[in-house]
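Each remark here refers to the structure printed beneath this line.
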Amino acid sequence: MTPGINAVRKANMAHSIHEYDHDPSTESYGTEAAEKMAVDSARVFKTLVVAIDGKELAVGVVPVTTMLNMKLIARAASGKKAAMADKQSVQRSTGYVLGGVSPLGQKRKLRTFIDASARSFTTIFVSAGRRGLEIELAPDDLARLTGGTFAPLHQE
């Protein structure tokens, strides 16, 4: 079990675990997850860690079919600007490797922002903490577990 799965189980929230054979040569982990699980890619969300104003790390959870808009996440975090966090900072603060970062069960709890589009689905998929492993849960449960806030984080 991963810390992400343990967090959901400890909270006794409804969820499903989905495992698939990860291809290490793939370029898009999220697209691969949607294809291998045969689910609508709009329901599969990636977890990205950003630095707000060069200081605070924060998490953005957006559909794999979109790109995180740095201005929108900075605004959601009441900051001026955001940039992708460096790999070492991400791994040190979350305890996960890139491509397997889960918004759940992170080593250090980071402020989390979930794209508002998640609310249009009964359940969404996020990384369970390892490449090839996804957890399906209700968006509101994800927000409760992470202390997350819903906000528009991408532009069409």
What is the distance from atom [atom1] of [X] to atom [atom2] of [Y], rounded to the nearest 0.5 Å?
X    : Y    : atom1 : atom2 : value
I5   : I17  : CD1   : CD1   : 4.0 Å
I124 : F45  : CD1   : CZ    : 5.0 Å
I135 : H18  : CD1   : NE2   : 9.0 Å
L142 : D140 : CG    : CG    : 9.5 Å
S93  : K107 : OG    : NZ    : 8.5 Å
K46  : S28  : NZ    : OG    : 6.5 Å

- prompt: Should H154 and M67 be marked as a side chain to side chain contact (heavy atoms under 4.5 Å, CB included) after you check the CA-CA gap, both sets of side-chain angles, and the distance that decides it?
  reply: CA-CA 6 Å; H154 77 277; M67 288 190 63; over 6 Å; no
query: If you measure only the distance, is there a donor-acceptor pair under 3.5 Å linking the side chains of H15 and E136?
result: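 Looking only at side-chain atoms, E136 and H15 do not form any donor-acceptor pair under 3.5 Å.
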Within a strict 4.5 Å, meaning less than it, do heavy atoms of the [X] and [Y] side chains meet?
X   : Y    : result
V50 : L68  : yes
V59 : Q106 : yes
M84 : L48  : yes

- request: Any chance you could lay out the side chain to side chain contact (heavy atoms under 4.5 Å, CB included) test for V39 and V44, step after step, and finish with the verdict?
  value: CA-CA 8 Å; V39 297; V44 180; 3.6 Å; yes
Restricting to non-hydrogen atoms, name the atom on [X] and the atom on [Y] that form the minimum distance, rounded to 0.1 Å.
X    : Y    : value
A82  : A74  : N-CB, 3.9 Å
G79  : I52  : CA-CG2, 4.0 Å
S102 : S127 : OG-O, 2.7 Å
A118 : P139 : O-CG, 3.1 Å
Y96  : L104 : OH-O, 2.7 Å

Is a side-chain donor or acceptor of [X] paired with a backbone partner of [Y] at a separation under 3.5 angstrom?
X    : Y    : value
S89  : A85  : no
D115 : L153 : yes
D53  : K55  : no
T65  : S41  : no
T94  : R92  : no
R111 : A77  : yes
T2   : A128 : yes
T26  : D23  : no
K81  : M70  : no

Salt bridge present between D40 and R43 (N-O < 4.0 angstrom):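 Salt bridge: no.
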field: Electrostatic pair R130:E19 at N-O distance under 4.0 angstrom
entry: yes
field: Full working for side chain to side chain donor-acceptor pair (under 3.5 Å) between E32 and H22
entry: CA-CA 8 Å; E32 176 193 35; H22 166 64; 2.8 Å; yes
Do the side chains of [X] and [Y] join up, straight or via other hydrophobic residues, at under 4.5 Å, putting them in one cluster?
X    : Y    : result
L145 : V61  : yes
F113 : V126 : no
L57  : L98  : yes
M1   : M13  : yes

field: Charged tip of R119 within 45° of F150 ring normal and under 6.0 Å
entry: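 Yes, R119 and F150 form such a contact.
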- request: Go through the steps to decide whether V62 and I114 satisfy the test side chain to side chain contact (heavy atoms under 4.5 Å, CB included), and finish with yes or no.
  value: CA-CA 6 Å; V62 296; I114 305 163; over 6 Å; no
